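This report concerns only the one structure given below.
Computed from a prediction, not measured in an experiment: that's the story for all the values here. Chain letters run A, B, ... following the sequence lines, proteins first, then strands; residues in each count from 1. The figures that follow rest on heavy atoms only: side chains count, while hydrogens, waters and symmetry mates do not.
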2 protein chains.
Amino acid sequence: METHQRTPKKKSNYKIMQITSFTEENYLKIIYKLSAETDADISTNAVAELTQTKAASVSDMLRKLSEKHLVNYQKYQGVRLTEAGEQVALKVIRKHRLWEVFLVEKLGFNWDEVHDIAEQLEHIDSEELVEKLDEFLEHPKFDPHGDPIPDPNGRMPKLTYQNLSEVKQGERVLMMGVSEHSSAFLQYVAKLGISLGSELYILEINDFDKSLSVQIAQANPQFMSHEVAKNLLVKVVK
Amino acid sequence: METHQRTPKKKSNYKIMQITSFTEENYLKIIYKLSAETDADISTNAVAELTQTKAASVSDMLRKLSEKHLVNYQKYQGVRLTEAGEQVALKVIRKHRLWEVFLVEKLGFNWDEVHDIAEQLEHIDSEELVEKLDEFLEHPKFDPHGDPIPDPNGRMPKLTYQNLSEVKQGERVLMMGVSEHSSAFLQYVAKLGISLGSELYILEINDFDKSLSVQIAQANPQFMSHEVAKNLLVKVVK
DNA sequence: ACAAATTTTTAGATTAGTCTAAAATTTACT
DNA sequence: AGTAAATTTTAGACTAATCTAAAAATTTGT
Ligand SMILES: [Mn+2]
Ligand SMILES: [Mn+2]
Ligand SMILES: [Mn+2]
Ligand SMILES: [Mn+2]
């Protein structure tokens, strides 16, 4: 369905121009995301899980993306983005994160409310729009969840933060991002008084369940489960 | 194609919830536009022309929209929006025009550059987004082309401006809008030094071809064809 | 190493939106 | 009023994206 809209995205298709549908963009983005977590090729099932489709549908799409040279794909052997496919994915991710910044910084949304809207906005097709938005937002380097924003040439800094769960007692860290983006988690983190840039001081780590007692900024100590700490990305300070 | 995206727009479909696809929204918007120009029912061919599809496709879609109670449609007799269909159309138009204001006022686009981008943005589905955008823009009443923006309840003021071509020699008018939205026309109007709110004074009307000599603000007189004057909407001043 | 379990692909259908060509209906004209 | 022209609808086909069920390939485990 939905043919009427944007698939025959003609544009200035001088010579080699990738024409990628909404759906294809989502597949590429998801393959990119999965590839960031491993060096291995990505399995059909892994893609199916994130696209919320069935493996059969994924097989079909991988064949198609392969014909377009957006992925390298050998039947039964998993998939990997080509350089071209990665560029498409990075452009979509750039748009997604810029729009999230816009929604939070300009429109006043909370950080747990913007992801689904950005999932729609990330497919709006206009180079000029993206670059003007970037300028309007004063070239942000990070989105509201601490994720880095790829530059206009599709380059993204590789950041290596630690999980709060790996930090030792007595250490002082800065909150730099989250690895879980669900609304429930983000709301909980906010309720604890933690936001990007917050200074956290590990008062105590419980031996039994690895739960923590953490001082957040100047406030009273807060209890935090290991599960929560695993999803907080931090940088040790000093 | 494009099923993966938004058709099964589930949302809070408690009880009676219109589920309208991107394509359906475009049809409704176009039927609305055509209905504004006439009291008669809208013909299949008229819709086909604006949707850039064939009459056969339109017939099919009208049947479908009729089943959804978004239009009243009798085979061979033309089509008309129902109250529900009109509300959908007005919501899309509201979004379109708000986004155009955003693009011009906040991102610095020219008024001739925003329509195509707004054609995409108008289908982003989030009530909260629309209302926050409206607030961010300080509740604009008109878009960059002088078109009125429907309110959140789908009400739009009926404005009755004159075409500049109907104004008599010696009259003083304010430029309030355009009835032609092509990039070429908008650029030409801007080049003449005319923008929304400009004061125009009709110095002379040529009997032969109805072309005009017009003084724009305090600048030197400009020549203007009847064709151009027909597409400028004005309000007589004083 | 080989059978069982798991994963992946293929085959065949379905849906939304489109098309062309042919049939039906309405409108226009003598 | 009766026919020709124009418009509209129907019939049948196509594409993108999906699904289920069955077949094929790979991985796992003894
Ligand atoms: Mn997000
Ligand atoms: Mn984010
Ligand atoms: Mn417009
Ligand atoms: Mn406009």
Test side chain to side chain donor-acceptor pair (under 3.5 Å) on B:N72 and B:T82 and set out the steps.
CA-CA 6 Å; B:N72 288 126; B:T82 61; 5.8 Å; no
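At the phosphate of C:dT9, OP1 or OP2 sits under 4.0 Å from a side-chain N or O atom of A:S59. The side chain of A:Y76 places no N or O atom within less than 4.0 Å of a non-bridging phosphate oxygen (OP1 or OP2) of C:dT10. In this model, the phosphate group of D:dT8 is not approached by any side-chain N or O of B:Y73 to a distance below 4.0 Å at OP1 or OP2. OP1 and OP2 of C:dT8 both lie 4.0 Å or more from every side-chain N or O belonging to A:K75.
One can place CD of A:Q74 at 11 Å from P of D:dT26, the figure rounded to the nearest angstrom. The distance from atom CZ of B:F22 to atom P of D:dA16 is 18 Å, rounded to the nearest whole Å. Protein atom CD of B:E24 is 12 Å distant from nucleotide atom C1' of C:dT15, rounded to whole Å. For the pair B:Q77 CD and C:dT26 C1', the computed distance is 8 Å after rounding to whole Å. A:K54 places its NZ atom 10 Å from the P atom of D:dA21, with the value rounded to the nearest Å. As rounded to whole Å, 14 Å separates atom C1' of C:dT14 from atom CG of A:D60. When rounded to the nearest whole Å, the span between CZ of B:R63 and P of D:dT10 equals 8 Å.
Comparing B:A56 and B:M61 by the nucleotide of DNA chain C that holds the closest heavy atom to each, the one mapping nearer the 5' end is B:M61.
For DNA chain C, the neighbouring residues in residues 37-46 of chain A, judged by any heavy atom under 4.0 Å, are A:S43, A:T44, A:N45.
Among pairs with a residue in residues 27-39 of chain B, those fulfilling salt bridge (charged side-chain N to carboxylate O under 4.0 Å, His left out) read B:K29-B:E119, B:K29-B:E122, at least two apart in sequence or across chains.
Take B:H181 and apply the ring pair (Phe, Tyr, Trp, His ring centres under 6.0 Å) test, not counting sequence neighbours, and it matches B:H145.
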